[in-house]
Amino acid sequence: MTTIGFVGLGNMGGPMAANLVAAGHTVCGLDLSPDARARLKEAGGKPVESVAEAVSSADVVVTMLPAGTHVRKVYGGDAGILANARPGTLMIDSSTIDVDSARAVAKEAAGAGMAMVDAPVSGGVAGAAGGTLTFMVGGPDDAFEAAKPYLEIMGKTIVHAGGPGNGQAAKICNNMLLGISMIGVCEAFVLAERLGLDHQKLYDISSTASGQCWSLTSYCPVPGPVETSPANRDYQPGFAAAMMLKDLKLAQEAASASGASTPLGAEASALYNLFCNQGEADTDFSGIIRFLRGAETA
Ligand code: NAD
């Protein structure tokens, strides 16, 4: 069995680390939060107090941190992962971060003699707990093959998206598409309301017509048609609007740096920013229908 250093035991990292423990691995886990460390201990893992303790005897290191700045900081410097892990250690960063940071850290890792993949996820906290995440993986072929057995413990679908940073690229492209499509579906329901067309009727027609998409048929933003939608529980997340905004901003940064024209992505980012600024950051992202509807009609 493998010794795994795990840094970032939050909403996602906590249950992912617990699944690695349940599969029989030794997990030395670090988080700034004592509560998160205590949860790892309850799950059978080994909480530690420093990056060096987490990684110095590890064969594999997994990180699940909030953003690119955290990842650069935790991997870099004298107290960081790359200075304290043994050469040959496999690095898996599952945080959702900007493509530039992912590529910069992968380059540093290669320079230090470590294989690295960026492996952001979709599937949320439920997917992390159930071990059913989708991993979008960027990195060399051999690093992907080495990471796969561990990713298969934490997830169900593992896709190699190409070289370093391409996992992050896939993640932000997908989530930009999701943000745009959710707003489109919401607008269709709002227009239907104004025209006196019943929610269920629109659903029945569009779900079998050319308007069909995941935002409609798996995550319908009005209560009723799809039982598991957050719309049926007053838009409790699910996937919080703040998380969607984070991913849309990453997509806009990448679009700007690469010269891609993404006008609908820009509009979606602006709309989610407005929605979050109205105190809705913790609302499920499908709740943006309430904002698009404006004042409720009688
Ligand atoms: P979170 O805030 O719950 O967890 C992040 C953890 O990292 C925190 O517990 C924090 O204490 C810890 N941390 C920060 N800096 C640290 C440091 N220097 N050393 C040790 N620990 C440190 O966030 P989360 O919801 O678990 O998300 C993690 C990543 O996964 C993010 O990049 C997020 O965008 C992505 N993601 C989240 C979801 C979701 O539904 N929550 C879904 C897909 C992807």
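Both counts, for ligands and for their atoms, begin at 1 and track the order of listing. All values below come from the heavy atoms of this structure, side chains included, with hydrogens, waters and symmetry mates left out.
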Determine whether the side chain, the backbone, both or neither of [X] has a heavy atom under 4.0 Å from any heavy atom of ligand 1.
X	value
Asp247	neither
Lys171	side chain
Ile97	neither

Exercise for the section: Run the salt-bridge test on Asp234 and Arg290 with the 4.0 Å N-O cut-off and return the result as yes or no. Expected result: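 Answer for the salt bridge query: yes.
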Is any side-chain heavy atom of [X] closer than 4.5 Å to a side-chain heavy atom of [Y]?
X	Y	answer
Ile289	Val190	yes
Leu271	Phe291	yes
Val105	Met116	yes

- Do Val74 and ligand 1 have an N or O pair less than 3.5 Å apart? no
Distance-only N or O hit between ligand 1 and Ala67, under 3.5 Å: no
Point to revise | Cluster link Ile97 to Leu133, ILVMFWY, side chain under 4.5 Å | key: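 No, separate clusters.
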- Message: Do Met154 and Met136 land in one hydrophobic cluster if side-chain heavy atoms of ILVMFWY residues count as linked below 4.5 Å?
- Response: no
Would you find a donor on one side and an acceptor on the other, under 3.5 Å apart, between the side chain of Asn232 and the backbone of Val226?
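Yes, Asn232 side chain to Val226 backbone: donor-acceptor pair under 3.5 Å.
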* Look at the side chain of Ser206 and the backbone N and O of Tyr203, then say whether any donor-acceptor pair between them is shorter than 3.5 Å. => no
On a heavy-atom basis, I'd like to know which of [options] is closest to [atom].
atom	options	result
atom 11 (O) of ligand 1	Val51, Asp35, Asp31, Asp93	Asp31
atom 16 (C) of ligand 1	Leu250, Thr96, Leu32, Leu30	Leu32
atom 43 (C) of ligand 1	Asn175, Leu133, Val121	Val121

Residue, atom name and distance, where the atom is the protein heavy atom closest to [atom]:
atom	value
atom 23 (O) of ligand 1	Asn11 N, 4.6 Å
atom 41 (N) of ligand 1	Met243 CE, 3.3 Å
atom 37 (C) of ligand 1	Met12 CG, 3.6 Å
atom 4 (O) of ligand 1	Gly10 CA, 3.3 Å
atom 40 (O) of ligand 1	Gly124 CA, 3.5 Å
atom 30 (O) of ligand 1	Met64 CE, 3.1 Å
atom 29 (C) of ligand 1	Leu65 O, 3.4 Å

For [X], atoms of ligand 1 separated by under 4.0 Å from a heavy atom:
X	result
Lys246	31 (C), 32 (O), 33 (C), 34 (O)
Val7	20 (C)
Gly8	7 (O)

For ligand 1, is Pro66 a contact, meaning one of its heavy atoms is under 4.0 Å away?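 Contact present.
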ask   = Do Phe285 and Phe275 have their ring centres less than 6.0 Å from each other?
value = no
Contacts satisfying side-chain hydrogen bond (donor to acceptor under 3.5 Å, both in side chains) that involve residues 160-174 (not counting sequence neighbours) are Arg103-Asn166
Which residues satisfy the salt bridge (Lys or Arg N to Asp or Glu O under 4.0 Å) test with Asp78, sequence neighbours excluded?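 Asp78 satisfies salt bridge (Lys or Arg N to Asp or Glu O under 4.0 Å) with no residue once adjacent residues are dropped.
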task: Take Arg39 and Asp31 through the salt bridge (Lys or Arg N to Asp or Glu O under 4.0 Å) test and state the conclusion after the steps.
output: CA-CA 11 Å; Arg39 280 192 292 276; Asp31 196 286; over 6 Å; no
**Q.** Heavy-atom protein contact below 4.0 Å for atom 34 (O) of ligand 1
**A.**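 So atom 34 (O) of ligand 1 has protein heavy-atom neighbours under 4.0 Å.
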Exercise for the section: Specify whether the nearest protein heavy atom to atom 2 (O) of ligand 1 is under 4.0 angstrom away. Expected result: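 Not a single protein heavy atom is under 4.0 Å away.
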Q) Given Glu187 and Leu292, is the side chain to side chain contact (heavy atoms under 4.5 Å, CB included) satisfied, shown in steps? A) CA-CA 7 Å; Glu187 288 189 4; Leu292 294 167; 4.3 Å; yes
